Peer 1: 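One structure is given below, represented as structure tokens, and several questions about it will come after.
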Amino acid sequence: MNDSLMLLYLPPDTPWGEALARLNQMGSGILLVVDGSGRLLRTVTDGDLRRAVLAALTPQTPISALPAKPPVVADENAGAEVLLRLMDMHAIDHVPVCDAKGHVRDLVTRRELSQRIWLSSPHLGAEETAFVEEAFRTNWIAPLGPHVDAFEKEVAAYVGVGHAAALSSGTAAIHLGLLLLGVEPGDTVFCSSLTFVGSCNPILYCGAQPVFIDSEPDTWNMSPAALERAFAWAKAAGRLPRCVIIVNLYGQSADMDALLPICDRYGVPVLEDAAESLGARYKGRASGGWGRVGIFSFNGNKIITTSGGGMLVSEDAELMIRARKLATQAREPARHYEHKEMGFNYRMSNVLAGIGRGQLRVLEQRVAQRRQVFERYRAALSDLSFVHWMPEPEGWCSTRWLSCFTIDAYEPTIGETIMRTLERHSIEARPVWKPMHLQPLFAGAPFFAHAPSEDVAQRLFRTGLCLPSGSNMSAEQQDRVIEHLHRALMSVGG
């Protein structure tokens, strides 16, 4: 039972004067009149009590004697849009949510519906404005320019690699990375299965075939055991992969000390997909700089953003020279436009790079803020033994780009129930990524599990959820998430 809701309950024989005192004390704007079984009979608001005063009813008059008014309620499947329409239709600011028997399960207010909490919203500051204004003042608006050059150098220095190329998206960076590593039609590419589809679509762009590698429980990232078996299979079949895409999930590095030696032993280069992990560290070293090439994303929901954009990084200077050429339509060095090979329009604009430079200056602060959000969730829900947070092994430092957890005894409907409860209060949440080996797009692609009878990625998808994690979340917003999440978790696992 929701304790905060119970504080709003009144029996029908409550004097309206007492109800007025309770309403004033609670500051909720509404009270819920229920019968002995907990079934909702009516609601009481300031307006109802004001009408009692105007009707000269004595304060001892019971609520049941007030003019009858059937309550406006919603069922448990109602979303935020339906609830808002009900409020508008009836000119009210609260809607109780009831089950089929009329018992109150929730209470939604207009105030929270007007203040949506996003999963990971952009967090901009003052520095970005100065760089963008400079781009406008100097008329460097089109692709390339001084901010692009500076942003590349600053990101390369932060990651600890020699070179970087600012591009239009993280997906574009992966596509170029695969081409630079020699991926051709008919080749095989190994890739983490538990990831966003942007990690894998570029494999198809190249005409190659993906082979998906499971996660390990300790990091949720690529399983060394599964990778070993995949390589043994590929060697026996006489078709080693052209490269391996290792994804750093939800702001946390994969176990590079375990994975890279396997790839090295077979002579296969690594593309490190650090789209979600800029700012993370693994054994003291920055995420994104471990592979032959690495990529970052600056999409609007990432830890820092350029509204849209990505970055390719590498120690190999020649590789990066070629990356910049391919990203600018593969133009040859001639006065006229000369082209000998297919290229792409993948470069970042000077304006967006200016935003990125301002964002990069507060990256460490953004990481600290997201880690604080994660720790507050973990502390607030520590009484729930069936909740398990995404682990962070010793030697890792995750950005906690998203705060993720799994729960025990999970059933297919439980995640939907939790997310529906949060969405009812205008709180965005989502499941853990659906693994690529379960996606219709990749039906039939080979998959190697962590253990013969243990598909870790599928288990995480079926039992895991991601919570609002933005670095600009207020304490009040996080309190709201915690309140409704705790109630939802107790209802399904308590």
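The structure displayed is predicted, hence computed values, not measured ones. Residue indices begin at 1 and follow the sequence shown.
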Peer 1: Taking only residues two or more places apart in sequence, or in another chain, which ones meet Thr14 in a side chain to side chain donor-acceptor pair (under 3.5 Å)?
Peer 2: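 For Thr14 there are no side chain to side chain donor-acceptor pair (under 3.5 Å) partners, ignoring immediate neighbours.
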Peer 1: With sequence neighbours excluded, tell me which residues meet side chain to side chain donor-acceptor pair (under 3.5 Å) with Ser64.
Peer 2: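 Listed in chain order: nothing, the list is empty.
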Peer 1: Any sub-3.5 Å donor-acceptor pair from Gln359's side-chain atoms to Phe298's backbone N or O?
Peer 2: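 Absent.
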Peer 1: Is Glu154 paired with Arg361 through a side-chain N to carboxylate O contact shorter than 4.0 Å?
Peer 2: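 Salt bridge flag = yes for Glu154 with Arg361.
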Peer 1: Does any N or O in the side chain of Arg22 come within less than 3.5 Å of the main-chain N or O of Tyr9, such that one atom is a donor and the other an acceptor?
Peer 2: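 Yes; at least one donor-acceptor contact below 3.5 Å.
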Peer 1: Testing Phe386, Trp389, Trp220 one by one against Thr406 for a side chain to side chain contact (heavy atoms under 4.5 Å, CB included), which residue passes?
Peer 2: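 Result: among Phe386, Trp389, Trp220, Trp220 is the only option passing the side chain to side chain contact (heavy atoms under 4.5 Å, CB included) with Thr406.
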Peer 1: For the backbone of Gly294 and the side chain of Glu272, can you confirm whether one donor and one acceptor N or O come within less than 3.5 Å of each other?
Peer 2: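 Between the backbone of Gly294 and the side chain of Glu272 there is no qualifying donor-acceptor contact (under 3.5 Å).
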Peer 1: Can you tell whether the side chains of Asp88 and Arg85 come within less than 4.0 Å, N to carboxylate O?
Peer 2: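 No salt bridge links Asp88 with Arg85.
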Peer 1: Is the side chain of Ser199 donor-acceptor paired with the backbone N or O of Thr195 at a distance under 3.5 Å, no angle test?
Peer 2: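 Looks like no, no N/O pair under 3.5 Å.
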Peer 1: Less than 4.0 Å between a side-chain N and a carboxylate O, is that true for Glu375 and Arg378?
Peer 2: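 Yes, this pair counts.
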Peer 1: Checking the side chain of Asp455 only, and the main-chain atoms of Gln458 only, is there a donor and an acceptor separated by less than 3.5 Å?
Peer 2: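 Indeed, once roles are kept as given, a pair shorter than 3.5 Å links the two residues.
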Peer 1: Tell me whether the centres of the aromatic rings in His437 and Phe447 are closer together than 6.0 Å.
Peer 2: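 Centroid distance His437-Phe447: below 6.0 Å, so yes.
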Peer 1: For His175, which residues count as a ring pair (Phe, Tyr, Trp, His ring centres under 6.0 Å) partner, sequence neighbours excluded?
Peer 2: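 Result, ring pair (Phe, Tyr, Trp, His ring centres under 6.0 Å) vs His175: Tyr205, Phe344, Tyr346.
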Peer 1: Just verifying a value: how many Å separate Ile213 CD1 and Leu194 CG, rounded to the nearest 0.5 Å?
Peer 2: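 Reported value, rounded in 0.5 Å steps: 13.0 Å.
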Peer 1: Taking Arg371 first and then Glu392, would you say they form a salt bridge - that is, a charged N and a carboxylate O separated by under 4.0 Å?
Peer 2: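 Between Glu392 and Arg371 there is a salt bridge, with a charged N closer than 4.0 Å to a carboxylate O.
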Peer 1: Would you call Arg116 and Glu423 a salt bridge, taking side-chain N to carboxylate O under 4.0 Å as the test?
Peer 2: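 Yes.
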Peer 1: May I ask you to decide if Ala457's main-chain N or O and Ser215's side chain share a donor-acceptor pair within less than 3.5 Å?
Peer 2: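 No, because the side chain of Ser215 does not come within donor-acceptor range (under 3.5 Å) of the backbone of Ala457.
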Peer 1: So for atom NZ, which belongs to Lys153, do other residues, nucleotides or ligands contribute more than 12 heavy atoms lying within a distance under 6.0 Å?
Peer 2: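 At most 12 heavy atoms, drawn from other residues, nucleotides or ligands, come within 6.0 Å of this atom.
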Peer 1: Less than 4.0 angstrom from a charged side-chain N to a carboxylate O is my criterion; do Arg111 and Asp93 meet it?
Peer 2: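 Salt bridge absent between Arg111 and Asp93.
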Peer 1: Identify the two heavy atoms, one from Ala429 and one from Leu422, that lie closest to each other, and give their separation to 0.1 Å.
Peer 2: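 Heavy atoms only, the tightest pair is CB-CD1, 3.8 Å.
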Peer 1: Is it true that Arg376 and Asp479 have a side-chain N and a carboxylate O under 4.0 angstrom from each other?
Peer 2: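 So Arg376 pairs with Asp479 through a salt bridge.
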Peer 1: State whether the number of non-hydrogen atoms from other residues, nucleotides or ligands found under 6.0 Å of Gln365 atom CD is greater than 12.
Peer 2: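 Yes, enclosed.
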Peer 1: Output yes when a side-chain donor or acceptor of Asn299 lies under 3.5 Å from a complementary backbone atom of Gly308, and no otherwise.
Peer 2: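 Side chain of Asn299 to backbone of Gly308: no pair is present.
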Peer 1: Can you name the closest pair of heavy atoms from Asn350 and Pro146 and give their distance?
Peer 2: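 So the two residues come closest at OD1-N, 3.3 Å.
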Peer 1: If you look at every heavy atom in Asn472 and Gln477, which pair is closest and at what distance?
Peer 2: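 So the minimum-distance heavy-atom pair works out to O-OE1, 4.0 Å.
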Peer 1: Looking only at heavy atoms, which two atoms of Ser253 and Asn221 are closest? And how far apart?
Peer 2: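 Scanning both residues, the minimum pair turns out to be O-ND2, 3.2 Å.
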Peer 1: Is it the case that Arg430 places NZ or CZ above or below the six-membered ring of Tyr250, under 6.0 angstrom from the centre and within 45 degrees of the axis?
Peer 2: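 Judged by the rule, Arg430 and Tyr250 form no cation-pi pair.
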Peer 1: Quick one: does Ser192's side chain have a donor or acceptor within less than 3.5 Å of a partner on Met222's backbone?
Peer 2: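 It does not hold such a pair.
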Peer 1: On a heavy-atom basis, which atom in Trp16 and which in Thr58 lie closest, and how many Å separate them?
Peer 2: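 In this case the closest contact between Trp16 and Thr58 is NE1-O, 2.6 Å.
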Peer 1: Judged by atom type as modelled, is there a donor-acceptor pair below 3.5 Å linking the side chain of Asp75 to the main-chain atoms of Ala78?
Peer 2: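 Yes, Asp75 side chain to Ala78 backbone: donor-acceptor pair under 3.5 Å.
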Peer 1: With a 3.5 Å distance limit and no angle check, can you tell me whether Arg285 reaches the backbone of Gly289 through a side-chain donor-acceptor pair?
Peer 2: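 Here the side-chain-to-backbone pair exists.
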